[in-house]
Engineer: 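The structure follows.
The residues of the chain are indexed from 1 along the displayed sequence.
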Amino acid sequence: MEDRNYEYIELGKKFKMENLKYQILIVSCLNIGQIIVGYSVGWSAPIIPKMKDVLDNPLPEPITDFEASWVGSLLYIGALVGPYVTGVLANLIGRKPCLIIGGFLNIMSYILVVTTKNIGMVYAIRVMSGLGMGITTVGNIVYIGEIASTHIRGILLTSTSIIGISGTLLVYAVAPYVSYVTTGYIALAISTLHVFGLFFVPESPIYHAMKENELTATKTLCLLGRSEDVKKSLDALKKQEETTKIQDWMEIFTIKSNRMSLFITFTLGAFQQLSGVAVVLFFATTIFAQAGSSVEPHIATIIVGVTRLLSSLIAPSFIDRSGRKILLLISMAACALSLSVLGVYFYLDRVNNAAVQNVGWLPLVALIVYFFCYEAGFGTIPNAIVGEMFRTNVRSNGSALAITMTWLVGFILTTSFTTMVDSLGGDVTFWLFGGSCVLAFLFTYFCLPETKGKTLNEIQEMLS
């Protein structure tokens, strides 16, 4: 077997650069699923106004504000379950089958969209979309973290967030101008293409190594252009198997590096949600209408989507050069400032200040600045950090736990958003979001380690 491994290593060195392109091609196939993730996240923003309308309503009667809040937030119910499906099955049947399962769930949810008859079916659509979103998001993060070369891992991991944003922009730009059913057909076509592409990606070499199939693991690493990682990856897995015999779930809490990984990834994710990003994405069109913006709500929503996409391209350009931490700090500080300004606008509007008439453009500008700065760091880098954390045997379960705890925060926030605005006012609500960004800044400065240029094993040693 050692001779065969040596042959594959030499082959890998010969075709290393060509096979780095293979990594990018594989991630491109996975990222088709991220388009659907973003599409599902943004779907409610342009669809809720349709469901409240009498003329252009796919349902028998318009929905209430209470029902609208559930249309937005029920996505998180499925999303809370999805990552655990990945966490359990990824180590049993492999990473690739989990991704395919997530893809099929997305197909099923958008088949329901084109056959919707009542609000109950819409609720079911959102739960099933969330389930597919949870499986796809965690599966992609785990898989890419395991196949990517160290020097491009950050870029490939942040690409999942960027492509997700493009999916949200797609639904923002198209849904206001087409029928409700057409939005389902568009997503159904993309979901079908995603599942088709997944059949051509290889299984993760880490999964093969975990199943003691070293020859296949070596072959896959070499095909990925990672021949230099063969010995380190296999030796690290053997060492972990020799020193840890406790169940995988228990190891998340009994091993120090895993505890630190969970603490860091969950806290970052929770602050992400508390910045109000999900609220704005789910209810963007409604927020602009409530704010009395001088820009037409659908157009303002599209502008925000374009801003998110353009600014998300900043992180991959710098994440593997300047590092994760500095980008996060700059992003968080700017988010806090822009949300505070938005809170000031809502305050002036609440007290009927005459100045509001002259600054009707301010909500759009504040949210453009917010999303530009958010996606440049705060919105993309935490995903990359999740993919770098946790020991190999608990990476799927640990990532699932961190992300679902994060989404639970998002679910509570989106469900209570209408109540917050009614009881506290838009000004206090957005000031609270801005305050969360300040706390996130302090946490990142004092608690987050820099992972730039470090292998997954070196990160674990640092956390220990």
Engineer: Count the heavy atoms of every other residue, nucleotide or ligand shown that sit under 6.0 Å from OH of Tyr177, and state whether that count exceeds 12.
Structural biologist: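 Check passes, neighbour count above 12.
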Engineer: Please identify each residue that fulfils side chain to side chain contact (heavy atoms under 4.5 Å, CB included) with Phe263, with sequence neighbours left out.
Structural biologist: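 If we apply the side chain to side chain contact (heavy atoms under 4.5 Å, CB included) test to Phe263, skipping adjacent residues, the hits are Thr267, Phe443.
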Engineer: Can you name the side-chain hydrogen bond (donor to acceptor under 3.5 Å, both in side chains) partners of Gln34, sequence neighbours left out?
Structural biologist: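 With neighbours one apart ignored, the set is Asn140.
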Engineer: Donor-acceptor check, side chain of Thr182 to backbone of Val178, threshold 3.5 angstrom: yes or no?
Structural biologist: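 Absent.
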Engineer: Can you find a pair of side-chain heavy atoms, one from Phe271 and one from Val409, that are under 4.5 Å apart?
Structural biologist: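 Heavy-atom side-chain distance check fails, nothing below 4.5 Å.
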Engineer: Is the gap between the ring centers of Trp43 and Tyr180 under 6.0 Å?
Structural biologist: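 Aromatic pair counts; centres sit under 6.0 Å.
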Engineer: Between Glu67 and Thr64, is there a donor-acceptor pair closer than 3.5 Å when you use the side chain of the first and the backbone of the second?
Structural biologist: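 Yes, because the side chain of Glu67 sits within donor-acceptor range (under 3.5 Å) of the backbone of Thr64.
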Engineer: Of all residues at least two apart in sequence or in a different chain, which pass the ring-ring contact (aromatic ring centres under 6.0 Å, His included) check with Phe266?
Structural biologist: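 In terms of ring-ring contact (aromatic ring centres under 6.0 Å, His included), with neighbours along the sequence ignored, Phe266 is linked to no residue.
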Engineer: Excluding sequence neighbours, so at least two apart, what forms side chain to side chain contact (heavy atoms under 4.5 Å, CB included) with Ser28?
Structural biologist: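 Side chain to side chain contact (heavy atoms under 4.5 Å, CB included) list for Ser28, sorted by chain: Ile24.
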Engineer: Do Leu309 and Ile162 come close enough that some side-chain heavy atom pair is under 4.5 Å?
Structural biologist: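 Heavy-atom side-chain distance check passes, below 4.5 Å.
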Engineer: Tell me every residue that passes side chain to side chain contact (heavy atoms under 4.5 Å, CB included) with Ile101, counting only those two or more places apart in sequence or in another chain.
Structural biologist: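 Side chain to side chain contact (heavy atoms under 4.5 Å, CB included) check on Ile101 returns Leu89, Ile93, Leu105, Ile135.
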Engineer: Going by the side-chain hydrogen bond (donor to acceptor under 3.5 Å, both in side chains) test, which pairs reach into residues 329-343, not counting sequence neighbours?
Structural biologist: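 Sorted pair list comes back empty.
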Engineer: Under 3.5 Å, is there a donor-acceptor pair between the side chain of Lys52 and the main chain of Ala68?
Structural biologist: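 Side chain of Lys52 to backbone of Ala68: no pair is present.
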Engineer: How long is the span from the CD1 atom in Ile165 to the CZ atom in Phe371, to the nearest 0.5 Å?
Structural biologist: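 Spacing of CD1 (Ile165) from CZ (Phe371) equals 9.0 Å.
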Engineer: What are the two closest heavy atoms between Leu342 and Ala366, and how far apart are they?
Structural biologist: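 Looking at all heavy atoms of both residues, the shortest contact is CB-CB, 4.0 Å.
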Engineer: Given the rule in the side chain to side chain contact (heavy atoms under 4.5 Å, CB included) test, do Ile368 and Ile303 qualify, once you have shown the distances and angles that lead to the verdict?
Structural biologist: CA-CA 8 Å; Ile368 285 176; Ile303 293 173; 3.5 Å; yes
Engineer: I need the minimum non-hydrogen distance between Val171 and Pro176, along with the two atoms involved.
Structural biologist: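 Shortest heavy-atom separation between Val171 and Pro176 comes out as O-CD, 3.8 Å.
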Engineer: I'd like to know whether Tyr374 forms a side chain to side chain contact (heavy atoms under 4.5 Å, CB included) with Gln272, so could you lay out the CA-CA distance, the side-chain angles of the two residues, the decisive distance to 0.1 Å, and finally the verdict.
Structural biologist: CA-CA 9 Å; Tyr374 177 86; Gln272 226 185 12; 3.2 Å; yes
Engineer: Below 4.5 Å, heavy atoms only, C-beta onward: do Val114 and Tyr185 meet side chain to side chain?
Structural biologist: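 Heavy-atom side-chain distance check passes, below 4.5 Å.
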Engineer: Considering only heavy atoms from C-beta outward, does the side chain of Asn31 approach that of Ser159 to under 4.5 Å?
Structural biologist: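 Side-chain contact under 4.5 Å: yes.
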Engineer: Locate the shortest heavy-atom distance separating Leu401 from Leu262; write the atom from each residue and the value.
Structural biologist: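 Looking at all heavy atoms of both residues, the shortest contact is CD2-CD2, 3.8 Å.
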Engineer: With sequence neighbours left out, write down each residue that passes salt bridge (charged side-chain N to carboxylate O under 4.0 Å, His left out) with Arg350, or none if nothing qualifies.
Structural biologist: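 Testing Arg350 for salt bridge (charged side-chain N to carboxylate O under 4.0 Å, His left out), a comparison that skips the adjacent residues, returns Asp427.
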Engineer: Measure the CG-CD1 distance between Asn106 and Ile35 for me, rounded to the nearest 0.5 Å.
Structural biologist: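 The distance works out to 11.5 Å.
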Engineer: Test of understanding: with side chain to side chain contact (heavy atoms under 4.5 Å, CB included), list the residues that count as partners of Val438, not counting sequence neighbours.
Structural biologist: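 So Val438 forms a side chain to side chain contact (heavy atoms under 4.5 Å, CB included) with Ala336.
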Engineer: Can you pull out every side-chain hydrogen bond (donor to acceptor under 3.5 Å, both in side chains) where at least one residue sits in residues 428-437? Sequence neighbours excluded, please.
Structural biologist: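 The answer is none; no pair qualifies.
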Engineer: Applying ring-ring contact (aromatic ring centres under 6.0 Å, His included), which residue pairs with at least one partner in residues 92-112 are found, sequence neighbours left out?
Structural biologist: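 Listed by first then second residue: Tyr39-Tyr110.
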Engineer: Is Ser275 close to Phe378 at the side-chain level, that is, under 4.5 Å between some pair of heavy atoms?
Structural biologist: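 Yes, their side chains come closer than 4.5 Å.
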Engineer: A side-chain contact here means heavy atoms from C-beta on lying under 4.5 Å apart; do Val85 and Cys98 qualify?
Structural biologist: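 Not touching, per the 4.5 Å side-chain cut-off.
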Engineer: Please work out which of the three classes, parallel, tilted or perpendicular, describes the rings of Phe441 and Tyr445, given edges at 30° and 60°.
Structural biologist: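 It falls in the parallel class, under 30°.
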Engineer: As an exercise, state the distance from CG of Leu424 to CZ of Phe346, rounded to the nearest 0.5 Å.
Structural biologist: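 With rounding to 0.5 Å, CG (Leu424) is 13.0 Å from CZ (Phe346).
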Engineer: Is there a side chain to side chain contact (heavy atoms under 4.5 Å, CB included) between Val81 and Val127? Walk through the geometry before answering.
Structural biologist: CA-CA 10 Å; Val81 178; Val127 173; over 6 Å; no
Engineer: Kindly compute the distance separating OG1 (Thr444) from NZ (Lys325), expressed to the nearest 0.5 Å.
Structural biologist: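 With rounding to 0.5 Å, OG1 (Thr444) is 8.0 Å from NZ (Lys325).
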Engineer: What closest approach, in Å, do Val41 and Leu75 show between heavy atoms, and which atom pair accounts for it?
Structural biologist: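 Closest approach of Val41 to Leu75: CA-CD2, 3.9 Å.
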Engineer: Please determine whether side chain to side chain contact (heavy atoms under 4.5 Å, CB included) holds for the pair Val174 and Thr183, giving the CA-CA distance in whole Å, both sets of side-chain angles, and the decisive distance to 0.1 Å.
Structural biologist: CA-CA 8 Å; Val174 173; Thr183 66; 5.7 Å; no
Engineer: Shortest non-hydrogen contact from Gly184 to Val113?
Structural biologist: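 Heavy atoms of Gly184 and Val113 come nearest at CA-CG1, 3.5 Å.
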Engineer: Do Leu448 and Ile264 touch side chain to side chain, with heavy atoms closer than 4.5 Å?
Structural biologist: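 When only atoms from C-beta onward are counted, Ile264 and Leu448 do touch, with a gap below 4.5 Å.
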Engineer: For Tyr207, check ring-ring contact (aromatic ring centres under 6.0 Å, His included) against everything at least two apart and list the hits.
Structural biologist: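 Applying ring-ring contact (aromatic ring centres under 6.0 Å, His included) to Tyr207 gives none.
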Engineer: Counting N and O atoms only, with roles assigned by atom type, does the side chain of Arg126 sit under 3.5 Å from a partner on the main chain of Tyr76, one being a donor and the other an acceptor?
Structural biologist: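 No, Arg126 side chain to Tyr76 backbone: no donor-acceptor pair under 3.5 Å.
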Engineer: Are more than 12 heavy atoms from other residues, nucleotides or ligands located less than 6.0 Å from atom CE of Met121?
Structural biologist: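 For Met121, atom CE is crowded (more than 12 foreign heavy atoms under 6.0 Å).
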Engineer: What's the separation between atom CD1 in Ile381 and atom CG in Leu268, rounded to the nearest 0.5 Å?
Structural biologist: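 Those atoms lie 9.5 Å apart.
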Engineer: Can you give me every donor-acceptor pair (side chain of residues 188-205, partner residue at least two apart or in another chain, under 3.5 Å) with its distance?
Structural biologist:
residue	atom	partner	partner atom	Å
Ser191	OG	Ala187	O	2.9
Thr192	OG1	Leu188	O	2.8
Glu203	OE1	Arg95	N	3.2
Glu203	OE1	Lys96	N	3.3
Glu203	OE2	Arg95	N	3.1
Glu203	OE2	Lys96	N	3.4
Ser204	OG	Glu146	OE1	2.6
Ser204	OG	Ile206	N	3.2

Engineer: Measuring from Tyr345:OH to Leu348:CG, what's the distance to the nearest 0.5 Å?
Structural biologist: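 So the gap between those two atoms works out to 9.0 Å.
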Engineer: Is there a donor-acceptor contact under 3.5 Å from the side chain of Thr160 to the main chain of Leu156?
Structural biologist: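 No: the side chain of Thr160 does not pair with the backbone of Leu156.
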